[in-house]
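This is a predicted model, so every value here is computed, not measured. Counting begins at 1 with the first residue of the sequence. Indexing begins at 1, ligand by ligand and atom by atom, following the structure's order.
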Amino acid sequence: MSDLLIRNARLIDPAASLDGLHDLLIREGRIAAIEAPGTFTDLEVAEKIDATGLVLAPGLIDIHVHLREPGQTWKETIATGTRAAAAGGFTTVVAMPNTVPVNDSVPSLEWMLAPERNPAVDLLAMPAATLGSLGERLSDYEALAKAGAVGFTDDGKPVLEAPIMRAALVSAARLGLPISQHAEDTRLTGGCSMNAGPVAFRLGLRGMTVEAESSIIERDIQLLREIEATEKLRPHLHVQHVSTAKALAAIRIAKQQGLHVTCEAAPHHFTLTDAALEDYDTNAKMNPPLRAETDRLAVIEALLDGTVDCIATDHAPHAAHEKEVEFERAPNGITGLETALGLALRVLHREHGMPLARVIALMTTSPSAVINLQDRGTLAIGSRADLVLFDPAAEWRFSAAGSLSKSKNTPFDQAPMLGRVRTTICGGQAVYRL
Ligand SMILES: [Zn+2]
């Protein structure tokens, strides 16, 4: 493995409160040294990268992606999805289990994580919380944890029944792992294809209420309280892709009360509203749906005040022929790996004044902490050389046609982005170069 010297970079490591000009040396796939610019001038290394004007940060971590393999490889594969991740600056991604078949067993988890899948970046997975994600019987958490599970989820669906969710939280707590909940009371959202509100009314579509999201979260928080009181356990609820002010208010209070609740927000929910659906654009259809402006602003406020722990993309590729159908029949989801950083910097950093280091923390140290990853999400000496080098001032437009994902379903084709990934390094190897 060849050594690599990155010179004169603005190094930002939120874990170490580091923000300044440095040279960084990579040896044997690990961060070997960080010194003042010019320290290594005479050093013989295989490659030197001049990073003048660029930010060097820990590689981004996305704890919520759909890679569609096994079973739906016309949409995406582990190989193509992780190449899109590398292009977006990500060095670790966590695959959701709603593959075909559902990833609910050790053999399927091992198959997914095998080197033969040829991932470009580090791949982790959350297997299903219940067998087949049917919400009836728990999968084997202990065996799955031993095989590398970083949490459990039925994403795409909620764990709807309270006794099952309670059992899931208890079993996962014994292993120190989170239950990652897709919070949607599906008894309230049948036949709904977007957010409830004036836009849905004008379009003649049934809308999902904010309560369909918040009521499940309130129920789960109540379960945490009850389990802590009776079981001497500290269960961890992670709420996926929170999209409403009402849900965020419930999470904020639960955190203040000391319960172990974490949550993530997706770039589309802090960038767009349901107005993006005015012309029935199925590339803006996802679940949870784009919401009202008040909800969008509430997501941003919660990102600013720390209620939201991390940014996650919910990268959800679908083929063009699947999206090019009547709005109500189109599948939910958009791609997101290559637009996350550009949107976060544009919307959160530029438009809402979030410090650059905080944006990076939301995409590195914080998601790493949510799933208890050691040894990544930081630039500490000796840690894995997972890095992203980006130009923080670059203004550019995303091109869906140029995406490395197999699918091009994004509402951000030609959308303005701030900050462009130049090089992504995973385990000391360059896995993407612009
Ligand atoms: Zn989901």
Side-chain angles (χ1 to χ4, degrees), residues 62-68 72 75-76 81 93-100 102-104 124-130 132-135 150-160 164-165 168 178-190 192-195 208-217 219-220 237-244 246-248 251 261-270 272 274 282-291 295 299 308-318 322 330-337 340 367 370-371 407 409-411:
D62 188 349
I63 62 171
H64 189 154
V65 302
H66 300 271
L67 299 178
R68 306 305 192 201
Q72 296 178 312
K75 297 173 192 266
E76 192 79 287
V93 296
V94 177
M96 294 295 108
N98 60 340
T99 46
V100 183
V102 170
N103 177 23
D104 63 1
L124 304 173
M126 277 195 201
T130 66
S133 284
L134 295 172
V150 295
F152 306 97
T153 181
D154 281 347
D155 184 41
K157 298 176 186 177
V159 180
L160 196 57
I164 305 293
M165 186 59 179
I179 294 293
S180 207
Q181 176 74 297
H182 168 114
E184 173 189 358
D185 189 336
T186 46
R187 294 164 297 201
L188 304 176
T189 57
C192 297
S193 53
M194 65 175 295
N195 179 50
M208 305 184 193
T209 61
V210 299
E211 286 77 17
E213 179 175 83
S214 62
S215 62
I216 290 290
I217 294 169
R219 191 274 315 263
D220 289 348
L237 171 70
H238 178 71
V239 187
Q240 300 177 305
H241 43 52
V242 182
S243 66
T244 63
K246 194 157 189 211
L248 288 162
I251 292 166
V261 184
T262 55
C263 70
E264 67 192 35
H268 44 268
H269 287 131
F270 62 68
L272 298 175
D274 56 5
T282 57
N283 281 333
K285 182 184 177 188
M286 73 282 289
N287 187 12
L290 296 174
R291 302 283 188 180
D295 288 312
V299 171
V308 171
D309 295 86
C310 65
I311 293 170
T313 66
D314 193 6
H315 177 79
H318 292 291
E322 296 169 305
N332 287 306
I334 65 169
T335 59
L337 286 163
V370 166
I371 54 170
S407 294
N409 53 308
T410 170

| message | With a 6.0 Å cut-off on the ring centroids, do His241 and His268 count as close? | response | no
| note | Checking distances from the Zn ion (ligand 1), one finds that the N, O or S atom of Asp155 closest to it is OD1
| task | Output the distance between atom OG1 (Thr410) and atom CG (Leu337), rounded to the nearest 0.5 Å. | result | 11.0 Å
| Asp314 backbone or side-chain N/O/S under 2.8 Å from the Zn ion (ligand 1) | no
| Is the side chain of Thr209 donor-acceptor paired with the backbone N or O of Ala212 at a distance under 3.5 Å, no angle test? | yes
| said: Whether Glu211 and Lys246 form a salt bridge (side-chain N of Lys/Arg under 4.0 Å from carboxylate O of Asp/Glu) is what I want to check. | reply: yes
| field | Of the N, O or S atoms in His182, the one nearest the Zn ion (ligand 1) | value | ND1
